[in-house]
Amino acid sequence: MYNSQQIKKGLSVRDLITTGILAALYMVCAMIGEAIFGFFPVLTFLCPLSIALLCGPVYMLILAKIPKHGPIIVTGILVGGVLFVLGMYWSMCLAYCILGVAADLLAGSGKFRSKGRNLVSYMIFVISPVFSYGMLWFDRDSYVKYLVEKGTEPAYMDTMVSTAQNWMLPAMIIGVLICAVISGLLGQKLLKKHFEKAGIV
Amino acid sequence: MMELQIQTRDMFAFLHLDPRTKLYLLIVGNVALFLAPSLLYEVVLVACIVILGVLAGAKRFTVKMAIVYAGMVVLHMIGTCHLVGTLQVVIVTFTVFIRKIFPCAMLGGILVSTTRVNEFMAAMNRIHMPKAMIIPMTVMIRYFPMVHEDYCYINDAMCMRDVGPTFTSLLTHPIRTVECIYVPMMMSALKVADELSAAAVTRGLENPKPRTCIAEIHFQITDVLCGVLFTLFLAGSIWVKLKGGAG
């Protein structure tokens, strides 16, 4: 339980350690989400969805356990940093940092207690993995050129690019948002059922 | 905190790099791989990483990763030369994705597993990283192995109560299974956080004065060599890219 004086003081060592551990848990959930679909070539586009589905409870726990400005930003930077180290595209890592700040501000506007705002802030935060696939759309020409140079039939590539990829980006974002709502609500329910009753958060 | 440390084999390590150099290598390696102009370039870069890994003491990990990478390259070659149609597109796309990710994961794994916590914290202090970043980062890196351990215990406990996290139970009772995994996992994470922060506060982590470290952190000739080597690589890839763009 935090009283008003402690909130003013900013993050204590205890908060920082809790953030670190929960960030590790978030990271593991995200990696499991990645691993479910990441190994199949075409299904790889479903990765952001499974990540959004898995990370909700941990995100809600971070917000509930440390209701201050900062932990979400730190989590964003850490997760982005680790993903960068693991060799993901830089666009995704940057998205984690920036969207982390946005999500933190949004959750903070409801004093980290408003369920609706926490949910929306999770929806914002979890869009970040989509940005790694965004490269396919932003840098499509070089990608297509590369494949064609390597001997893929241009006609086949054309149809694949024009039909599949244009509707896939919005579809992916909508899918992520839906998954985020499901996962976030589940997380809030779990917190209410188990953690609040036990007096942990 | 001792339990959280990954075993390092210092006695077999010929190369002992400064954590700051490692950070630099990671960033440069990542960018170089992103800009990599050809397959040959990538393979040479990976060869450098393998040599670095073997010299730094993470032999088993490096060899394993190198074998997987070699398999990936062979698959890519087969895909581009001998296959046609949809199968080729699928395989080439897949291997290109993996090849962009894999070497960095390798480099990251080597560097993290050969760095000790206290050295890492000292080096981060030296580059004036704020405390709000250093502490969560260190805790996070060392908590990763624990997550797996915790999961194994939870799995055992769940099987004992007949709610084991199998595929069928995930289909028949999705909510209950998920709940049975998440709640103990998060509970134990919070408990570890409490214990760790108690231990850390007792050892004076809240002390506002600058941190001191018994292990000396300084750059050596090997640091310079590695840094220069990777920078040259990066420069090479940029040069090729610019030349290709002009011509």
Side-chain angles (χ1 to χ4, degrees), chain A residues 10-29 38-42 44 54 56-58 61 65 70-71 73-75 77-79 81-82 84-90 143 146-147 150-153 156-157 160 186-187 189-191 193-195 198 200-201, chain B residues 26-27 30-31 33-34 80-81 84-86 88-94 96-97 100-109 111-112 131-144 146-148 151 175 178-179 182-183 185-187 189-190 192-194 196-198 200-201 205-206:
Chain A
L11 296 169
S12 62
V13 168
R14 190 191 174 82
D15 294 335
L16 292 176
I17 290 177
T18 314
T19 310
I21 284 191
L22 291 180
L25 210 54
Y26 186 94
M27 189 67 225
V28 169
C29 288
F39 293 118
F40 304 104
V42 179
T44 186
L54 284 174
V58 182
L61 185 63
K65 186 72 186 168
I73 302 176
V74 173
T75 308
I77 297 174
L78 284 182
V79 174
V82 170
F84 183 72
V85 167
L86 288 178
M88 301 294 169
Y89 288 120
W90 52 269
Y143 181 73
Y146 178 81
L147 279 184
K150 290 280 178 204
T152 316
E153 297 149 80
Y156 178 82
M157 280 308 296
M160 184 175 132
L186 178 75
K189 216 174 149 193
L190 283 186
L191 284 188
K193 190 172 164 194
H194 295 278
F195 289 76
I200 291 179
V201 294
Chain B
L26 260 183
I27 294 170
N30 229 325
V31 177
L33 200 70
F34 187 70
T80 45
C81 300
V84 281
T86 319
Q88 183 189 30
V89 175
V90 167
I91 285 187
V92 170
T93 315
F94 177 59
V96 167
F97 266 131
K100 288 282 176 200
I101 290 170
F102 205 74
C104 286
M106 204 164 138
L107 190 58
L111 298 186
V112 167
K131 223 175 182 179
M133 281 319 297
I134 301 175
I135 296 172
M137 206 194 285
T138 339
V139 171
M140 183 177 172
I141 291 174
R142 290 312 172 205
Y143 186 66
F144 272 132
M146 294 273 289
V147 174
H148 182 245
Y151 178 74
I175 301 280
V178 166
E179 200 177 328
Y182 267 108
V183 173
M185 206 71 186
M186 300 199 297
M187 285 283 188
L190 287 183
V192 171
D194 275 352
L196 254 188
S197 44
V201 170
L205 201 62
E206 272 177 331

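Here is the naming used below: chain letters follow the sequence lines, and residue numbers restart at 1 for every chain.
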- For B/Pro136, which of A/Leu22, A/Leu78, A/Ile21 qualifies under side chain to side chain contact (heavy atoms under 4.5 Å, CB included)?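 Of the listed options, the one satisfying the test is A/Leu78.
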- Note on the structure: Exactly one of A/Leu61, A/Leu25, A/Leu54 clears side chain to side chain contact (heavy atoms under 4.5 Å, CB included) with B/Tyr182, and that residue is A/Leu54
- Distance col, row A/Cys29:SG vs B/Met185:CE, nearest 0.5 angstrom, shows 7.5 Å
- Note on the structure: Output for pair (B/Asp194 CG, A/Ile17 CD1), nearest 0.5 Å, gives 10.0 Å
- Looking only at heavy atoms, what is the nearest atom pair of B/Val183 and A/Leu190, with distance?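 What the structure gives for the nearest pair is CG2-CD2, 4.1 Å.
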- Over all atoms of both residues, closest heavy-atom pair of A/His194 and B/Met187: O-CE, 4.3 Å
Region of [X] in contact with chain A, defined by heavy-atom distances below 4.5 Å:
| X | result |
| --- | --- |
| B/Leu107 | neither |
| B/Ala200 | side chain |
| B/Leu190 | side chain |

- Show your working on side chain to side chain contact (heavy atoms under 4.5 Å, CB included) between A/Arg14 and B/Val201 and close with a plain yes or no. CA-CA 8 Å; A/Arg14 190 191 174 82; B/Val201 170; 5.9 Å; no
- Message: B/Val139 vs A/Thr19, test: side chain to side chain contact (heavy atoms under 4.5 Å, CB included). Steps then yes/no.
- Response: CA-CA 9 Å; B/Val139 171; A/Thr19 310; over 6 Å; no
- Item | Part of A/Leu16 within contact of chain B (heavy atom distance under 4.5 Å) | both
- Interface moiety of A/Lys189 toward chain B, non-hydrogen atoms closer than 4.5 Å: neither
- Is there a side-chain contact between A/Val82 and B/Met140, using heavy atoms and a 4.5 Å cut-off? yes
